[in-house]
Structures are given as structure tokens and as C-alpha cells.
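As the structure lists them, so they are numbered: ligands from 1, and atoms in each ligand from 1.
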Amino acid sequence: MTRRILIAGNWKMNLTLADSMALVEGLKKEAASVSQVDIAVCPPSVYLQPVAAALKGTNISVGAQNAYFEGNGAFTGEISMAMLCDIGCKYVILGHSERRNILGESSELVNLKTHAALAVGLTPIVCVGELLKEREANQTENVIRRQFDGSFSGVSAENMKKCVIAYEPVWAIGTGKVATPDQAEEVHQAIRKMIEKNYNKEVAEAVVIQYGGSVNDKNAQEILAKPNVDGALVGGASLKVEPFMGIIKSA
Ligand code: PEP
């Protein structure tokens, strides 16, 4: 098994430019000796370029929180995947639950974006996850399967291996209610089975599946110890050097 742990910080719509640069400088120093874990930060789009420039040549990659699927043209307010590549991004988060639930993003749209990201060589971090009421109605696996099938429709086996999936139960995002390690492992296993069913075992074993939802430096070790949890997508705890580095170190 060759999967590497990926710890990615989703800054969401937080921090000023000065805060962002201070955070990046702190992470750069603290993470310089980390070699066994892949690290990424995903700042707001207006800060992508200075953050990418500051992290050039380091072991910390940069990702965007969203982008559009069209290459260019009259799409006011949008940013293309090629533009992200142009400024040095490696990752793009797609289908985050806040985009699905607040901005009405469908799996069909996520699918177009996934294809567009792969076409320019960006690694999509595709988020899936159930609402609390869906978990309570025993619908978790059905919901994830619909999101998985919709988001990855038409993606080739070779490209699927390059994708990252973030399992983020919506009830655990920003709530302090982390899924138990067993709850996370159960869904991660189910996702790996979905990949195997749609592709094959080799592809299933290659895909990095992150957990996201109130991960911090206190609970990360237990969750990351699970065999099918290959990293974390971190919101709140990625906004300061100490907790984010704590998570990286526990990985
Ligand atoms: C996220 O937004 O992807 C996330 C997991 O947030 P938090 O860690 O704050 O729950």
C-alpha cells in the first residue's frame, strides 16, 4: 500500500492577508523537517497567490477551496482550474458541504469540476458526507454512494487514482462533535468498497481518503490510526500554527 497521509487545512473565509502570511511563515518553519506526511493549506482565493509564492520550494502545497469548470470566458466572479495551476496550486477542494448545502452545488456540478481539475493536472479533494438527519435515518451509505457516483461519473481508473476523497459528516463540521474513530473507519471502508465496485481493488487501494469534521491536535491521532483514514481535512484547527502542527505531528 503506497498511500501517503495528507493533512490539508481549509481556511474557509477566514484570516486577513497579514494573518495568512504570519501563519504560512510559522508553518514553513515548523514543518520543514516533516517528510512522511503531505501537507497543504487552502486559503481564500484572494490570498492564494501570495501564499503560493511564500510556500514555493517548501514541503507545504497550496490548494484552492473551489474553482469553476469552464476554461475561460464570461463567468463573472469565477476562477478557472488553469488559473490555479498558473499560480502554483496543487489541490482544489470540490463539493465541500458548505458549497453543497449553502450554495446549492450539486454532484453534477462537482463532477464537471472534477473533470476540469484532472484535465489540467490539479488534484481534486472531493468532499462527501451526510447530514445528521440522514445518519439518524440510517441513510449515510446511500447518501455517500449518490455523492460518490455523481461526483466521479466518467472519471477513468487512472484519473480516479489521482483523486482525494474527504469524508466529512456534515454534523461534525465546525461543531466540535467529531465522529468516533470507528464511525469514520466504517464510512471510509464503505467508500473504498464503492471505489472497488466501480473500478477495481488496485484503484481502491490507491485513493487517499481523508476524514474531516472537528479534527484537532487532541483527537487526530486516534482517528488517523485507523487503516482506511489517510489524512484529515481540517477547518478551525488549521488557522493557527500550533494545533495544525499538532495534527501533522500526530500523523
Ligand atoms: C472543514 O470545513 O472541512 C472542516 C472539517 O471544518 P472543521 O475542522 O472546523 O470541523
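The ligand atoms of ligand 1 that sit less than 4.0 angstrom from a heavy atom of G236 are 7 (P), 8 (O), 9 (O). Of all the atoms in ligand 1, the ones that sit under 4.0 Å from a non-hydrogen atom of A172 are 10 (O). Set against the non-hydrogen atoms of S214, the atoms of ligand 1 under 4.0 Å away are 7 (P), 8 (O), 10 (O). For ligand 1 and G174, the ligand atoms under 4.0 Å from any heavy atom of the residue are 7 (P), 9 (O), 10 (O).
Checked for salt-bridge contact, D230 and R4 miss the test: no charged N lies under 4.0 Å from a carboxylate O.
Taking atom 3 (O) of ligand 1 as the reference point, the nearest protein heavy-atom neighbour is E168 OE2, 2.7 Å.
Of all the heavy atoms of N10, the ones lying under 4.0 Å from any atom of ligand 1 belong exclusively to the side chain.
For G213, the heavy-atom gap to ligand 1 drops under 4.0 angstrom.
At least one N or O atom of H96 sits closer than 3.5 Å to an N or O atom of ligand 1. Close N/O approach between K12 and ligand 1 is found [any backbone or side-chain N/O within under 3.5 Å]. Residue V234 has no nitrogen or oxygen atom sitting less than 3.5 Å from a nitrogen or oxygen atom of ligand 1, judged on distance alone.
Taking the six-membered ring for Trp and thresholds of 30 and 60 degrees, H188 and Y167 have ring planes more than 60 degrees apart, a perpendicular arrangement.
With sequence neighbours left out, E185 forms a side chain to side chain donor-acceptor pair (under 3.5 Å) with Q189, N228.
Grouped with Y68 in one hydrophobic cluster are F69, F75, L109, L112, the linkage being side-chain heavy-atom contacts under 4.5 Å among Ile, Leu, Val, Met, Phe, Trp and Tyr residues.
The local environment of CD in E134 is crowded, with over 12 non-hydrogen atoms from other residues, nucleotides or ligands closer than 6.0 Å.
The heavy-atom pair separating Y199 from F152 by the smallest distance is OH-O, 3.6 Å. For A237 against I247, the heavy-atom pair with the smallest separation is CB-CD1, 3.9 Å.
A donor-acceptor contact closer than 3.5 angstrom is absent between the side chains of H96 and Q65.
One option in A8, C42, G235 has a heavy atom closer to atom 6 (O) of ligand 1 than any other, and that option is G235.
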